[in-house]
Amino acid sequence: MFIQAHAKLNLTLDVLARRPDGYHDMRMIMQSIGLADELELQDNESGQLRVATDLHFLPADEKNLAAKAALCYWQARGEAPRGLDITIRKRIPVCAGMAGGSSDAAAVLRALNQADGAPLDWTALAQVGERVGADVPYCVLGGTALAEGKGEKLTPLPPLPACWVVVCKPEFSISTPALFAQLDSVRLRSRPDTRGAVAALEAGDLAGVARRMYNVFEDVLPVRQRARVFELKNILVGCGALGASMSGTGPTAFGLFDDGERAQEAYQRLLEFSPETFLCRTV
Ligand code: ATP
């Protein structure tokens with residue numbers, strides 16, 4: 001079975017209160033994009049669950065979220081683990097704020113569920129995904145959605161109007177736990193207008209959504225990394241993006257375009273900054 005695992009972007013990302021369990025409550029609008037990993041699932045006779053990826057530094061055991069998803073699925077269905085080979089061709093940059101691992105996990109859940117004689121509905125499948133990671137329930141759902149709580153409370157939203165997306169992952173990576181730790185010592189200067197962005201989605205107003213995009217983690221980045229992300233956003237807007245923001249805990253910057261030629265120009269410009277630059281559509 002061949003399946004695609006789409007990357008996600010955060011059109012908005014807000015962090016609310018820290019909870020007694022140590023997690024932070026989030027409020028964010030998620031959007032899936034055409035950039036996708038490719039997975040192949042094949043039953044094997046060995047009885048072993050095996051994972052192979054084209055990136056040597058990714059785990060090839062149950063620490064790989066794709067394998068963890070398969071184990072969680074079988075456990076939820078009361079089944080014993082069985083022989084399965086999962087082969088992943090990574091396209092989504094790693095540690096980039098685009099939920100690459102979570103998306104691989106969600107793709108495995110969907111594939112196993114689809115092949116099941118008595119498939120779970122998407123809410124039950126998302127609950128299985130929650131055991132794998134906070135972003136997995138959204139990746140099971142896909143499209144445009146409001147995510148709250150740790151990210152598991154999902155409300156589907158009207159789809160973002162068709163547009164081009166230019167995505168650029170700079171050469172450095174950001175530590176997600178370090179950035180969350182920073183949150184508690186920083187006073188956030190601005191917050192995204194998530195409610196306004198939802199209203200713009202309901203009105204089919206692409207520019208209205210793009211104008212309201214913002215991610216509170218941009219304020220928390222170390223100084224040099226923040227300057228780099230701002231530089232990328234400025235290039236995107238300079239090339240005609242309707243809006244630009246950072247995804248997740250970064251450092252990926254992206255812009256939305258209603259004009260394919262402008263998007264192409266931004267793509268070419270940003271390729272000079274990073275080979276991990278992509279031009280795609282929303283899905
Ligand atoms: P998020 O946006 O959900 O915070 P991210 O884009 O920052 O995710 P990922 O690329 O999903 O981060 O990977 C983060 C970590 O997960 C890495 O340390 C990586 O080793 C591990 N990992 C496990 N399985 C996978 C996978 N299938 N693909 C990518 N990373 C994986």
Side-chain angles (χ1 to χ4, degrees), residues 3-13 15 23-24 26 28-33 35-41 49-73 84-111 126 129-142 145 147 149-152 154 167-181 183 215-218 220-221 225 229 245-254 274 276 278:
I3 37 174
Q4 287 199 315
H6 292 279
K8 68 89 182 149
L9 296 174
N10 292 98
L11 301 179
T12 65
L13 192 160
V15 181
Y23 287 95
H24 289 82
M26 321 276 286
M28 45 200 180
I29 300 179
M30 322 284 264
Q31 175 65 50
S32 39
I33 57 170
L35 173 64
D37 292 342
E38 289 164 17
L39 284 81
E40 185 183 349
L41 268 62
L49 172 60
R50 300 186 295 224
V51 195
T53 79
D54 53 358
L55 294 180
H56 65 88
F57 55 86
L58 288 182
D61 54 17
E62 61 275 16
K63 287 203 192 76
N64 193 300
L65 297 180
K68 192 173 170 193
L71 292 170
C72 285
Y73 184 81
L84 181 69
D85 285 313
I86 304 175
T87 309
I88 309 175
R89 287 182 87 189
K90 289 298 291 184
R91 297 272 184 271
I92 306 172
V94 177
C95 290
M98 285 192 277
S102 303
S103 183
D104 293 346
V108 168
L109 291 179
R110 281 199 310 265
E130 217 180 310
R131 292 195 221 155
V132 185
D135 276 346
V136 179
Y138 164 72
C139 293
V140 169
L141 177 66
K150 279 192 281 177
E152 80 290 1
L154 295 167
V167 176
C168 180
K169 152 81 171 54
E171 65 286 3
F172 54 88
S173 289
I174 301 276
S175 157
T176 299
L179 220 55
F180 269 98
L183 270 178
N215 178 339
V216 293
F217 282 117
E218 292 180 34
V220 187
L221 291 175
Q225 279 96 331
V229 171
S245 192
M246 185 177 84
S247 191
T249 48
T252 300
F254 68 94
S274 167
E276 290 192 292
F278 307 90

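In each ligand, atom 1 is the first atom listed, and ligand 1 is the first ligand listed. Worth saying up front: this structure is predicted, and the values here are computed from it rather than measured. When a residue number appears, it is its place in the shown sequence, counting from 1.
- A tilted orientation is assigned to the rings of F180 and H24, their planes being inclined by 30° to 60°.
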Under 3.5 Å, which donor-acceptor pairs link side chains of residues 93-110 to any protein atom two or more places apart or in another chain?
from : atom 1 : to   : atom 2 : distance (Å)
S103 : OG     : H6   : N      : 3.1
S103 : OG     : H6   : O      : 2.6
D104 : OD2    : K90  : NZ     : 3.1
R110 : NH1    : C139 : O      : 3.0

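- For atom 29 (C) of ligand 1, the nearest non-hydrogen atom of the protein is K90 NZ, 3.3 Å.
- On a distance-only criterion, G97 and ligand 1 share at least one N/O pair closer than 3.5 Å.
- Every atom of ligand 1 is numbered from 1 in the order shown, and the set under 4.0 Å from a heavy atom of L65 is 23 (C), 24 (N).
- Note on ligand 1: G100 sits in its first shell, one or more heavy atoms being nearer than 4.0 Å.
- Considering only non-hydrogen atoms, atom 26 (C) of ligand 1 lies nearest to G101 out of G101, C139, G250.
- For atom 16 (O) of ligand 1, the protein comes within 4.0 Å by no heavy atom at all.
- Annotation: V94 places no N or O atom under 3.5 Å from an N or O atom of ligand 1; distance criterion only.
- Ligand 1 has a nitrogen or oxygen under 3.5 angstrom from a nitrogen or oxygen of M98.
- When atom types are taken as modelled, the side chain of E152 and the backbone of K150 share a donor-acceptor pair closer than 3.5 angstrom.
- When the ring-ring contact (aromatic ring centres under 6.0 Å, His included) test is applied to Y73, no partner is found at least two apart in sequence or on another chain.
- Of the candidates L9, L179, T249, D104, it is D104 that places a heavy atom closest to atom 27 (N) of ligand 1.
- Nearest protein neighbour of atom 10 (O) of ligand 1, counting heavy atoms only, is C95 N, 2.9 Å.
- For atom 2 (O) of ligand 1, the nearest non-hydrogen atom of the protein is A99 N, 2.9 Å.
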Next on the checklist: Pair Q4, D37 - check side chain to side chain contact (heavy atoms under 4.5 Å, CB included), show working.
Outcome noted: CA-CA 6 Å; Q4 287 199 315; D37 292 342; over 6 Å; no
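- Counting only heavy atoms from C-beta outward, the side chains of M30 and D135 approach each other to under 4.5 Å.
- From the protein, the heavy atom lying nearest to atom 31 (C) of ligand 1 is L58 CD2, 3.9 Å.
- For ligand 1, the atoms sitting less than 4.0 Å from at least one non-hydrogen atom of P59 are 20 (O), 23 (C), numbered in the order shown with element in parentheses.
- From the protein, the heavy atom lying nearest to atom 4 (O) of ligand 1 is D135 OD2, 4.3 Å.
- Within 6.0 Å of the CZ atom in F172, the count of heavy atoms belonging to other residues, nucleotides or ligands exceeds 12.
- Atom CG of L179 sits about 5.5 Å away from atom CZ of F217, to the nearest 0.5 Å.
- Note on ligand 1: K63 sits in its first shell, one or more heavy atoms being nearer than 4.0 Å.
- Annotation for ligand 1: atoms under 4.0 Å from non-hydrogen atoms of N64 are 23 (C), 24 (N), 25 (C), 26 (C), 27 (N).
- Residues I88 and L55 are not in side-chain contact: their nearest non-hydrogen atoms beyond the backbone lie 4.5 Å or more apart.
- Looking only at distances, no side-chain donor or acceptor of D54 sits under 3.5 Å from a matching main-chain atom of R89.
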